[in-house]
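Down below is the structure, laid out as structure tokens.
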Amino acid sequence: MIASRAELPQMILTRLTEELDNLSKHSSNGVLILYNHTVVWNLHFNDGKLIYATGGMHPVRRWNRALRQHCPNWNWNVESPQLSENQPWECQFLAQGISRRQLSAIQAKLVIRTIVQECFFELGNSKDLKNDWKPTQKDIFHLPQLIALSSWEILSVLTKATNTQKKWQAAGLDHLSPCLAPVLSPTANPQVIPVSEKKYFNSNFTLWDIAVEQEKSVTDVAVSLMPWVDKGVLELQKIPDLPLPTIKQVVAVTNSQSENQPIAFVQEAVQESVHKSVEKQPLIACIDDSPVLAYTLRKILIPAGYQMLSIPEPMRGFSQLIEHKPDLILLDLLLPNADGYSICKFLRDTPTFRNTPIIFLTERNTPIDRAQAMLVGATEFLGKPPQPEELLQIVQKYLGR
């Protein structure tokens with residue numbers, strides 16, 4: 001039996017509860033990776049306790065909202081820690097703030113609770129979630145253990161997220177995301193909007209942001225704006241995440257480096273390492289009928305920083321390709337109801353995919369196959385099953401990471 005739209009978030013959160021409870025019982029150290037074809041979430045655990053949650057939409061906006069609520073006077077972006085790639089940049093800033101006594105452990109814990117609760121809410125709206133587990137070393141976060149969320153605290157945060165989900169659905173908003181921003185319609189009369197509200201409708205505030213600004217629940221904010229949306233005065237639009245501020249502290253360099261390397265270049269290196277966690281992840285579509293291959297590709301691509309869209313039936317999945325506009329397409333040469341050559345030509349004849357890299361996945365790699373592939377517009381060949389290093393080299397050649 002297929003779950004109704006209203007039941008889906010509850011099912012996801014119930015399954016998530018069981019998974020988190022299992023990790024807590026086993027005092028696990030690692031990252032629980034939750035993903036589908038459009039989004040990736042990372043729940044970071046240390047000794048069975050939840051340290052932090054990353055991923056989804058607008059991580060920097062989410063971070064700023066939590067700080068505004070619990071430590072508004074902390075100038076976290078004045079100086080940066082020496083950033084490590086094996087933990088979230090937010091955790092490193094929290095560790096620095098605590099060590100310098102710029103915020104208390106209680107404030108840090110409240111920030112983490114608020115961020116995790118918002119992440120759980122958004123996870124409840126994510127369909128077809130799959131999960132993976134990546135073990136890590138214990139105690140890599142350099143944060144006081146008391147700020148991590150224990151099993152009962154995780155359950156408490158999940159319960160609050162579930163209750164918010166129920167209110168959101170009861171208000172008829174389950175087709176919307178709080179990450180959308182209300183923007184004044186070009187044809188609307190701005191005079192109908194109260195002056196005190198106009199500042200929120202300039203593409204700078206999501207529904208989440210407005211809720212924090214007005215100290216209201218996100219459901220109440222959305223409900224209050226829907227009459228204007230229905231009348232065409234406001235439009236709900238997607239907006240980008242906020243950029244991270246300039247990093248002022250440089251990373252440590254060796255003596256030979258420091259003699260010749262300008263500080264500006266070192267600062268840029270730090271900036272680049274921070275932005276890796278918040279930049280848009282390229283989307284790779286895999287057109288193949290094998291669930292085993294799809295799983296193999298996910299295991300390779302997701303940890304490397306890519307999103308993946310799996311399409312087992314190419315013609316039925318064409319609408320998905322148009323909707324998501326992948327940055328690169330992996331195409332099986334031998335499909336049950338069509339051959340890769342005709343699919344590739346069809347895609348090349350579609351303006352949206354005229355310049356999209358299309359990589360053939362095949363066990364056949366003869367000169368005739370290659371010549372025919374070039375005629376229909378294929379970009380490259382890749383052996384099947386693909387080897388991780390070879391796959392990532394080809395993907396990075398066209399997309400980079």
Side-chain angles (χ1 to χ4, degrees), residues 7-36 39-59 62-63 65-67 69-71 86-95 98 103-126 129-169 178 208 217-218 277:
E7 291 172 335
L8 191 60
Q10 183 59 48
M11 291 175 59
I12 292 172
L13 291 174
T14 299
R15 195 184 83 189
L16 182 59
T17 303
E18 296 171 353
E19 189 72 33
L20 295 177
D21 185 56
N22 181 57
L23 294 173
S24 296
K25 286 180 179 178
H26 291 85
S27 300
S28 303
N29 299 294
V31 184
L32 176 62
I33 305 170
L34 302 158
Y35 60 91
N36 57 22
V39 69
V40 179
W41 297 88
N42 296 290
L43 304 183
H44 300 263
F45 283 82
N46 185 65
D47 200 22
K49 294 184 177 182
L50 181 55
I51 295 287
Y52 202 76
T54 60
M57 293 288 290
H58 300 162
R62 188 190 309 137
W63 165 260
R65 285 194 293 271
L67 297 190
Q69 294 175 72
H70 304 299
C71 38
N86 64 354
Q87 56 181 296
W89 56 267
E90 300 97 324
C91 290
Q92 298 176 67
F93 277 109
L94 288 175
I98 293 173
L103 75 162
S104 67
I106 297 300
Q107 285 177 304
K109 190 180 189 75
L110 290 172
V111 167
I112 292 171
R113 284 180 63 99
T114 297
I115 286 173
V116 169
Q117 183 177 327
E118 190 174 311
C119 288
F120 283 166
F121 176 94
E122 293 183 24
L123 273 169
N125 279 338
S126 302
L129 278 177
K130 298 178 176 60
N131 63 276
D132 203 353
W133 175 254
K134 179 182 177 183
T136 59
Q137 293 181 345
K138 186 178 179 181
D139 298 329
I140 64 172
F141 291 95
H142 309 296
L143 287 167
Q145 187 68 2
L146 66 89
I147 75 170
L149 305 186
S150 62
S151 56
W152 70 267
E153 287 176 309
I154 295 172
L155 179 60
S156 172
V157 173
L158 259 173
T159 301
K160 289 183 178 180
T162 303
N163 290 337
T164 305
Q165 277 278 359
K166 290 178 179 177
K167 292 178 181 177
W168 187 260
Q169 293 167 12
W208 282 123
S217 76
V218 69
S277 61

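Only heavy atoms go into these numbers, but all of them, side chains included; no hydrogens, no water, no symmetry mates.
The structure places CD1 of Ile51 at 9.5 Å from OG1 of Thr136, a figure rounded to the nearest 0.5 Å. Taking CG of Asn163 as the start and NZ of Lys166 as the end, the distance is 6.0 Å to the nearest 0.5 Å. The distance from the OG1 atom of Thr159 to the CD1 atom of Ile154 is 11.5 Å, given to the nearest 0.5 Å. Separation of atoms CG (Leu50) and CG (Leu158) is listed at 9.0 Å; rounding is to 0.5 Å. Atom SG of Cys119 sits about 11.5 Å away from atom CD1 of Ile112, to the nearest 0.5 Å. We find the CG-CG distance between Leu103 and Leu67 to be 8.5 Å, quoted to the nearest 0.5 Å.
Partners of Asn29 according to the side-chain hydrogen bond (donor to acceptor under 3.5 Å, both in side chains) rule, which considers only residues two or more places apart in sequence or in another chain, do not exist here. In this structure Arg65 satisfies the salt bridge (Lys or Arg N to Asp or Glu O under 4.0 Å) test together with Glu118, Asp209, sequence neighbours excluded. The salt bridge (Lys or Arg N to Asp or Glu O under 4.0 Å) check on Glu153 picks up Lys109, with sequence neighbours excluded. When the side chain to side chain contact (heavy atoms under 4.5 Å, CB included) test is applied to Gln117, the partners found at least two apart in sequence or on another chain are Val157, Lys160, Ala161, Thr164. In this structure His70 satisfies the side chain to side chain contact (heavy atoms under 4.5 Å, CB included) test together with Leu110, Val111, Thr114, sequence neighbours excluded. By the side chain to side chain contact (heavy atoms under 4.5 Å, CB included) test, Ala95 pairs with Leu143, sequence neighbours left out. Checked against side chain to side chain contact (heavy atoms under 4.5 Å, CB included), Ser217 has the following partners two or more places apart in sequence or in another chain: Thr219, Asp220. Contacts of Asp132 classified as side-chain hydrogen bond (donor to acceptor under 3.5 Å, both in side chains), with partners at least two apart in sequence or in another chain: Lys299. A search for ring pair (Phe, Tyr, Trp, His ring centres under 6.0 Å) contacts involving Trp168 returns Phe121, not counting sequence neighbours.
Put simply, the side chain of Arg113 never gets that close to the backbone of Leu149: no donor and acceptor are under 3.5 Å apart. For Arg62 (side chain) and Gly55 (main-chain N/O), a donor-acceptor pair under 3.5 Å exists by modelled atom type.
Scanning both residues, Ile98 and Ala108, for their nearest heavy atoms gives CD1-CB, 3.8 Å. Heavy-atom minimum distance, Tyr52 versus Cys91: CB-SG, 3.5 Å.
At least one side-chain heavy atom of Pro88 sits under 4.5 Å from a side-chain heavy atom of His44. In this structure, the side chains of Glu122 and Trp41 come closer than 4.5 Å at one or more pairs of heavy atoms.
Ring pair Phe93/Trp63 is tilted by interplanar angle, where 30° to 60° counts as tilted.
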